[in-house]
Structure formats: C-alpha cells, structure tokens
Q: 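Sharing a structure below in structure tokens format, with a few things to ask.
Just so it is clear, the structure is predicted and the values come from calculations on it, not from any experiment. Lettering of chains follows the sequences in order, A, B, ..., and the numbering in each one begins at 1.
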Amino acid sequence: MTASSRPSTVSALLTELVATAAAAAGHDGVLDALEPASPTSNPSFGDYQSNHAFRLGKALKTNPRAVAEAVKAALPVHPAVVRADVAGPGFLNFHLDDAWLAGHVVAQVQDTRGGVEDRGQGRTVVIDYSSPNVAKRMHIGHMRSTIIGNALHRLYEAGGYRVVADNHIGDWGTQFGMLIVGWRNWLDEAAFADDAIGELERLYVKFREEAAADPTLDDLARAETAKLQAGDPDNRALWLKFIDISMVEFNGVYDRLGVRFDETLGESAYNHALPGVVDDLLDAGIAVEDAGAVVVRYPDDHDVKAVRGKLLVIRKQDGAYLYGTTDLATLEHRLSTWSPAEIVYVTDGRQQLHFQQVFAAWQAWRAHRGLPADGVALRHMWFGTLKLPEGMMSTRKGNVIRLVELLDEAVRRARAVVDEKSPDLPDALRAEIAEAVGIGAVRYSDLSQNPQSDVSFDWDRMLAMEGNTAPFLMYSLARCRSIQRKADLAPGETPLAPAANGALVHERERALLRLLARFPESVAAALETQRPNLLCDHLFEIAQAFNRFYFDVRVLDADSDDQRAARLALVELSAAVLSRGLGLLGVPALDRM
RNA sequence: GCGCGAUUAGCUCAGCUGGAUAGAGCGUUGGCCUCCGGAGCCAAAGGUCGCAGGUUCGAAUCCUGCAUCGCGCGCCA
C-alpha cells in the first residue's frame with residue numbers, strides 16, 4: 001500500500017521537511033527538539049504552519065524571520081507542498097496540494113489502523129475502570145469511570161496497545177456479613193424472584209435500619225463476615241450467589257453501553273495475598289507497626305509532594321486489611337501476570353492522594369527489591385466529580401439515580417425525536433435507533449468535555465440531541481449513507497481513488513479534506529493526554545464541515561462524471577472517518593436514523 | 001495548616017507541552033427546504049480569559065503572590 005511510504009500524519013511529514021531544510025541551511029543540531037508543524041490558526045495562512053524558526057532564532061540569537069527565509073529556501077521539493085510562505089515575524093506557512101491531500105486521506109482510510117501511529121507496538125496496558133460494588137445496582141456515580149475508562153480502553157487499542165481491561169469490583173468486605181444476616185432474617189422470596197438485585201438492595205437498607213435500633217446485629221454481621229472469610233460453606237455459597245446476581249445486573253448495563261472487560265478480578269481475588277504484602281513491607285522496613293496497626297509513613301521531604309507527612313494504614317488494629325493493601329497486591333499480580341508497560345487507574349479525582357500513596361509505597365518496595373525504575377508506568381487517570389444538585393448518591397437513602405434509569409430516560413427522549421423525524425420507519429427499527437441514539441448521547445455528553453472538570457448532573461444537558469452531541473455526529477454519518485443509498489452504493493463500496501482526481505477544489509471540499517487528514521493526529525492527542533474530548537471536538541468539526549459541504553455542494557448531480565466520482569469518494573471518506581471515530585468513543589454508528 | 005483542582009460570552013463548557021484576530025453548544029435576534037435527510041445550514045449580538053506582578057519577539061496558556069469556590073488529608077472505598 002502506498003501508505004507505508006508516507007509518514008503517518010501531515011504534521012509529521014512537514015516537521016520532517018522543516019528539519020531537513022534547517023539542517024541544509026546549516027542549523028543542524030542547534031535544537032534537540034523539533035517544533036512540530038500544526039494546522040494554521042486561520043485558513044488564509046494556508047493549511048499548516050511551522051513555528052520552528054522562532055525556536056531556531058532564539059537559539060541562534062538571530063532574527064527568526066531571516067531564519068524562516070533560509071529554511072524556506074532550503075526546503076526539499078515535495079509533492080505535498082505546493083507553496084510555502086514566510087509570514088509575520090517568522091511563521092512558515094504551507095499550502096498543500098489538493099490532489100496529494102486527497103490521496104493522503106484515501107491512504108489513511110484504507111490503512112487498517114486508519115493512519116493512527118502504532119505507539120503501543122504491541123506493549124500491554126492494564127486499564128482498571130468501572131469497578132462497581134457487588135450487591136448494589138450501578139448508579140450514576142459509576143457512569144464516569146465506566147464511560148471514560150472504556151473510551152481510554154478503545155483509544156489504547158487504536159494506538160497499538162494490547163489492552164487488559166480489568167474490572168476491579170468490590171466483592172469483598174463487611175457488607176457481606178450484613179447481607180447474609182439480612183438474607184436469613186428478612187428475605188422476601190417473591191420479591192427476590194421478581195427482582196433479585198433490588199431485593200439485595202432492600203435487605204441491605206433493611207439491615208442498616210434494624211441495626212440502628214439493635215446494635216447486636218452489627219456483631220452478628222461481623223461474625224458472619226468472619227465466617228465467610230474463614231471459608232464457611234453456607235456463607236460462601238451465599239456470597240457467590242450475590243456476586244452472580246450482581247454480574248447479571250452489571251453485564252446488562254455494560255452490554256447496552258458497549259463496554260466489555262477482559263478480566264473481572266475483584267477485591268476477593270487478592271484476599272489470600274494480603275498478609276504477604278504486609279509482611280514483605282514490614283521486612284523491607286517500608287511499613288512499621290504503630291499502635292497495633294501497620295502503616296507506611298511518608299517523610300516530610302518525600303519526592304512526591306502530596307504524600308509528605310502522610311500515613312497509609314495497610315493493616316488495621318483489628319487485623320483487617322484496607323483497600324490500599326488490596327491495591328498493592330493487585331498491582332503485584334498485574335505486573336507478574338501481564339508484564340504491562342503501563343497501568344491506568346480510572347477513578348474519581350478524590351482518590352488522588354490514595355493512589356499517590358499506593359504508588360509511592362510500591363516504588364519504595366520496588367527499589368528495595370532492586371527492580372528497574374522504568375519497568376512500568378503507573379497512571380492515575382482521575383476525572384472530576386459528578387455533582388448532584390440535591391441529595392447524595394446513597395444507596396441507603398434510596399434517592400440514587402440508577403444507571404439503567406438514566407439510559408432508559410435517554411432512550412425515551414431519543415424515541416420521541418425519532419418518532420417525530422422518521423415516522424416512516426418501522427416500529428422495531430425506530431426502537432433500535434432510539435436505543436443507539438440515547439446511549440450515544442449519554443456516552444458523548446460525558447466524553448465531550450475535559451474529563452478532569454467537575455460536572456453537575458443535568459438531565460437536559462446530558463441527554464441533549466442537538467448541537468455538539470452524538471446524535472449530530474450520527475446524523476451526519478446517516479446523511480453520508482443516505483447519499484450512498486441513492487447512488488446504489490453500500491457502505492464501504494465507493495471507489496476512493498477518484499478523490500485524488502483533481503476535481504475536489506471547492507472551499508468546502510478542501511476544508512473537509514484538511515480535517516479528515518488530521519484524524520490520526522487527534523486520536524494520538526486524545527490518547528497521549530488521556531482526553532477523549534479532543535477527539536470529540538475534532539469529530540464535531542468534521543461533522544460541521546461535512547454538513548457545510550453537503551449544503552453548498554451537489555454530489556449526485558455534479559457537473560461531470562469525474563466530479564461526481566470524486567465527491568462520492570469524499571462522502572465515503574467522511575463516513576469512514578466519522579464511523580471510525582465514533583467507534584473509538586463507543587458511540588453507535590447508524591446507516592439511517 | 002498542607003496538598004490537588006477550578007475561575008474564559010447570559011448559561012454550560014472547549015482551548016492550557018506559549019504563536020497570528022480567544023472558540024463551540026445552548027439561549028436570544030434575523031434569514032435558508034420547487035434541490036442528495038431542516039437532528040441541518042447562514043448571519044447578528046454577546047468576552048478587561050478572577051486580580052496584580054514577572055518571564056519574552058509573543059501569555060487564556062509558563063512562574064510568583066493574592067482573592068473566591070470545590071475536593072482531599074492515619075485504621076471507609
């Protein structure tokens with residue numbers, strides 16, 4: 001394929017050209033870092049710009065404009081570049097050749113990776129996300145980790161990584177003693193048969209109410225928890241039942257959201273390893289006993305500012321372990337099982353200190369064992385808090401918004417729009433479309449903003465169907481497919497080569513091509529910064545550009561066969577990029593809606 | 001007290017590894033279907049980028065201080 005000889009992105013190509021020219025102009029080795037070429041801030045400046053001359057000028061203590069002129073004079077001839085101008089104080093602006101640009105986009109679309117750089121090279125990354133607690137339904141508090149984590153999951157795969165998605169569910173702990181007590185005393189068989197998880201939730205709430213009046217129940221629950229942990233067969237059977245019930249609930253939500261995991265290794269999977277972790281840390285002198293507990297202390301001059309003077313308890317006075325202990329055991333297991341280059345934890349930002357502490361403790365442990373410092377990158381990819389207008393997300397209070405309720409409401413609203421806009425479609429198809437649109441809207445509304453911003457829960461905003469939303473992107477794709485249907489072309493069947501036949505010269509066509517060419521760059525940026533919103537922004541721009549093109553340019557009744565073929569190819573290129581991009585966000589792509 | 005984060009248009013937010021005239025959506029006002037899907041397109045109004053310094057050819061972006069708000073800080077996760 002022709003793509004193999006091309007740099008993966010236009011930016012990379014132009015950056016290389018500038019580097020070559022700078023070397024030829026005698027500036028080789030002046031700078032160790034290249035200033036990458038970027039799209040121009042304004043189309044009147046051309047297609048791409050390089051600001052490299054500013055850096056060179058600064059290093060050489062000369063006029064950047066003169067440097068830019070010298071670089072421009074030394075630029076190698078390349079079919080991509082039709083013209084280069086020096087502008088302002090030293091900008092080097094590139095005008096791309098129309099047919100070359102179109103050919104480049106064709107090659108990218110034909111590439112199995114969509115032109116996205118293979119950054120991972122098959123290396124493994126473990127992503128820890130979603131992680132709900134067993135015996136409770138998923139509520140909107142689980143939404144962000146699930147959706148953002150899954151988008152990262154998809155982005156890492158697109159970037160050439162082997163991903164191990166691990167759902168670290170909360171399947172161990174004192175709540176099981178309470179549930180067991182509740183189960184034996186207050187189980188409503190009929191209610192359980194009707195709604196198993198709902199009955200478990202009710203039993204939990206019931207227990208808390210009863211225990212408030214009768215504190216001996218707490219002792220009973222602790223005893224049952226202890227029995228479970230000691231391997232009591234009856235309690236263990238109940239515990240497994242609770243997990244099964246919960247997994248049915250979770251998987252229902254995951255299926256609808258398009259989320260899947262490779263592993264579901266919950267807290268219980270590491271229970272057996274916890275004493276060893278504590279012993280090892282004690283032996284290594286990283287942890288110490290303190291008033292009957294075992295703690296890791298962080299000195300006031302620790303490299304990591306956040307943990308200075310802090311303390312992490314890894315075994316309580318009563319001998320019980322905490323989630324920090326589990327996290328350390330989990331980390332060890334992941335390293336020995338998958339040898340990942342990276343482990344990404346997707347949780348709420350309020351856990352920043354916790355993960356800094358766990359990572360710092362592990363680094364000390366690692367150093368003590370003489371393991372290499374660059375063996376694995378631990379990344380806490382935290383996201384902002386979902387703030388509710390009123391009331392907390394408390395299972396006990398019962399005022400929590402469940403994830404399925406959110407999805408159902410989204411689908412309900414989508415259905416109303418589908419019924420209004422597409423009354424001709426059969427009922428079953430409208431239902432299918434509404435499901436896709438509703439789910440897409442929910443996912444996109446979370447992904448389209450900076451993950452680290454706090455979000456206030458707002459039905460209307462979360463389920464919007466107009467503007468910068470999933471339905472708009474899906475609609476743009478459906479428009480592409482509609483044109484193709486009228487031309488008797490199935491998705492993916494349109495010949496792409498005519499895109500480069502020189503007929504795409506309209507301003508709207510060039511604008512669209514420029515954006516399509518940037519797709520690999522925006523995927524790389526989203527992956528590198530762990531901000532899927534960068535990809536959302538770019539797809540939104542593509543959809544806008546497509547709709548402008550659609551409005552101003554006739555495809556099916558073009559002026560000539562060449563022009564028609566070129567425009568049909570452009571429609572397919574747009575569809576291919578939109579569809580691939582939506583796939584990375586986990587937003588369903590539809591042929592009609 | 002220490003740490004993390006935020007402060008950009010009426011509202012909700014992008015943009016933050018420094019680049020040319022700060023963007024979008026919603027809302028408001030006004031246009032566009034004899035034409036491939038109007039979930040769309042075009043246009044207008046709307047901003048001392050919290051405040052004050054600093055760094056430099058250039059700062060919403062980097063540094064320092066301040067103000068306001070949110071979150072976190074030894075036996076919950």
Q: Mind checking what makes side-chain contact (heavy atoms from CB on, under 4.5 Å) contact with A:Thr62, not counting sequence neighbours?
A: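 For A:Thr62 the side-chain contact (heavy atoms from CB on, under 4.5 Å) partners, ignoring immediate neighbours, are A:Leu60, A:Val67.
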Q: List in chain and number order the residues that pass salt bridge (Lys or Arg N to Asp or Glu O under 4.0 Å) with A:Glu69, two or more places apart in sequence or in another chain; answer none if no residue qualifies.
A: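 Scan of A:Glu69 (salt bridge (Lys or Arg N to Asp or Glu O under 4.0 Å), adjacent residues dropped) gives A:Arg65.
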Q: What I want to check is whether an N or O donor and acceptor connect the side chain of A:Tyr475 with the base of B:rA39 at under 3.5 Å.
A: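 No pair found.
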Q: A:His538: what forms a ring-ring contact (aromatic ring centres under 6.0 Å, His included) with it, not counting sequence neighbours?
A: none
Q: Among pairs that include at least one residue of residues 292-311 of chain A, which meet side-chain hydrogen bond (donor to acceptor under 3.5 Å, both in side chains), considering only residues two or more places apart or in two chains?
A: A:Asp290-A:Arg297
Q: Which helical stems does RNA chain B take part in, if a stem means at least 3 consecutive Watson-Crick or G-U pairs with both distances below 3.5 Å?
A: B:1-7 with B:67-73, B:10-13 with B:23-26, B:28-32 with B:40-44, B:50-54 with B:62-66
Q: What is the nucleic acid contact for A:Val553, judged by heavy atoms within less than 4.0 Å: base, sugar-phosphate only, or nothing?
A: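 Since a base atom lies under 4.0 Å of A:Val553, the category is base.
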Q: Closer than 4.0 Å, any side-chain N/O of A:Lys421 to the OP1 or OP2 of B:rG40?
A: no
Q: At under 4.0 Å between heavy atoms, how does the protein contact nucleotides 60-69 of chain B? Give one character per nucleotide, 5' to 3', with B, S or -.
A: ----------
Q: Report the residues that fulfil salt bridge (Lys or Arg N to Asp or Glu O under 4.0 Å) with A:Arg415, sequence neighbours left out, ordered by chain and then residue number.
A: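 Per chain and number, A:Arg415 pairs via salt bridge (Lys or Arg N to Asp or Glu O under 4.0 Å) with A:Asp419, A:Asp427.
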Q: Could you write nucleotides 18-32 of chain B as a row of B, S and -, 5' to 3', where a protein heavy atom under 4.0 Å of any base atom gives B, of only sugar-phosphate atoms gives S, and otherwise -?
A: -BBB--SSS------
Q: Would you mind building the protein contact string for nucleotides 2-13 of chain B? One character per nucleotide, 5' to 3', B for base within reach (heavy atoms under 4.0 Å), S for sugar-phosphate only, - for untouched.
A: -SSS------SS
Q: Please name all residues satisfying salt bridge (Lys or Arg N to Asp or Glu O under 4.0 Å) with A:Asp562, sequence neighbours left out, ordered by chain then number.
A: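 Not a single residue meets the salt bridge (Lys or Arg N to Asp or Glu O under 4.0 Å) criterion with A:Asp562.
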Q: Answer with base, sugar-phosphate or nothing: what part of the nucleic acid does A:Ala478 contact at a heavy-atom distance below 4.0 Å?
A: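 Base, at least one base heavy atom under 4.0 Å.
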Q: Under the 6.0 Å and 45° cation-pi test, does A:Arg479 pair with A:Phe546?
A: no
Q: Can you pull the salt bridge (charged side-chain N to carboxylate O under 4.0 Å, His left out) pairs that have at least one residue in residues 533-552 of chain A, sequence neighbours excluded?
A: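 Sorted result for residues 533-552 of chain A: A:Arg508-A:Asp552.
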Q: Mind checking ring-ring contact (aromatic ring centres under 6.0 Å, His included) for A:Phe91 and listing every partner two or more places apart, or none if nothing turns up?
A: A:Phe54
Q: Is the phosphate of B:rC36 approached by A:Arg567 (side-chain N or O, under 4.0 Å from OP1 or OP2)?
A: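 Indeed not, no polar side-chain atom of A:Arg567 lies that close.
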